[in-house]
Structure formats: structure tokens, C-alpha cells
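Worth saying up front: this structure is predicted, and the values here are computed from it rather than measured.
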Amino acid sequence: MTGSAQYADASVADLDTGVDAADLTDDDLMREMSSLHRTRLDTLRHGSDAALANHLRRTAELETEYLTRYPGREVDPSRLRD
């Protein structure tokens with residue numbers, strides 16, 4: 001399910017906290033993480049304390065789920081430090 005259709009049956013609580021990361025498809029998980037990373041600086045600089053706290057919580061939740069699904073993710077050797 002994509003777009004507004006995926007939220008048609010969501011409760012108010014779901015909209016406040018987001019869909020549980022474990023319930024997202026791989027594509028939805030990647031889309032949600034991309035969205036959060038795209039909005040990170042704006043939220044840090046201009047969001048309320050509550051918005052920033054929610055952003056940090058949701059980012060951690062989604063990234064933790066990603067690492068759970070892909071524990072052997074490909075690491076680019078050029079990104080490693082000595």
C-alpha cells in the first residue's frame with residue numbers, strides 16, 4: 001500500500017507515532033528513512049523540541065529495524081577509518 005491509502009485505516013495513535021517499523025515493507029522502510037534524513041536539518045534547526053524528539057525517536061526506530069533486517073549490509077571500504 002502506498003501514499004494516503006496506507007493511512008486510511010490508521011488510528012490517531014498510529015499517526016502520532018508512525019506505523020511500527022517492523023510492519024513496514026522493505027520499500028516503505030527505505031522511503032521512510034529517506035524522508036527522515038531529507039528533513040533532518042530543517043527539523044534540527046527549526047522544529048519544536050517535541051518535533052525534534054519525535055524525529056530522533058523515529059529515526060532510531062527505523063534505523064534499528066533496518067539493521068535488524070540487514071545485519072550483513074554491504075560496507076564500502078572507502079568509508080572505513082584506520
Side-chain angles (χ1 to χ4, degrees):
M1 209 178 308
T2 61
S4 60
Q6 80 184 60
Y7 301 111
D9 295 327
S11 70
V12 172
D14 288 339
L15 295 175
D16 286 345
T17 60
V19 176
D20 188 318
D23 293 337
L24 294 170
T25 65
D26 288 350
D27 288 342
D28 288 339
L29 178 63
M30 292 303 294
R31 188 190 75 252
E32 291 291 320
M33 283 194 307
S34 293
S35 176
L36 284 169
H37 284 272
R38 189 175 52 255
T39 60
R40 173 74 178 126
L41 184 58
D42 189 55
T43 304
L44 176 63
R45 293 185 65 213
H46 307 293
S48 66
D49 289 346
L52 181 58
N54 187 57
H55 200 279
L56 292 167
R57 180 200 55 76
R58 185 65 171 167
T59 300
E61 178 184 332
L62 294 173
E63 289 178 349
T64 298
E65 179 62 25
Y66 178 84
L67 292 172
T68 298
R69 292 183 194 188
Y70 302 101
R73 71 192 194 287
E74 184 178 331
V75 175
D76 182 348
S78 68
R79 303 282 312 249
L80 298 176
R81 295 183 180 176
D82 293 330

(message) Looking only at the side chains, is there a donor atom on one of D27 and T25 sitting less than 3.5 Å from an acceptor on the other?
(response) no

(message) When you group the ILVMFWY residues by side-chain heavy-atom contacts below 4.5 Å and let the links chain together, are L44 and L56 in the same group?
(response) yes

(request) For S35 and R31, indicate whether the former's side chain and the latter's backbone hold a donor-acceptor pair under 3.5 Å. (result) no

(request) Tell me, please, which residues at least two apart from R40 pass salt bridge (Lys or Arg N to Asp or Glu O under 4.0 Å). (result) none

(message) Hydrophobic clusters here meaning ILVMFWY residues chained together by side-chain heavy-atom distances under 4.5 Å, can you tell me if L36 and Y66 are in one?
(response) yes

(request) Please list all pairs passing the salt bridge (charged side-chain N to carboxylate O under 4.0 Å, His left out) test where one or both residues lie in residues 58-69, with sequence neighbours left out. (result) D26-R69, R57-E61, R58-E61, E65-R69

(request) Could you tell me whether the side chain of L24 reaches within less than 4.5 Å of the side chain of L62, counting heavy atoms only? (result) yes

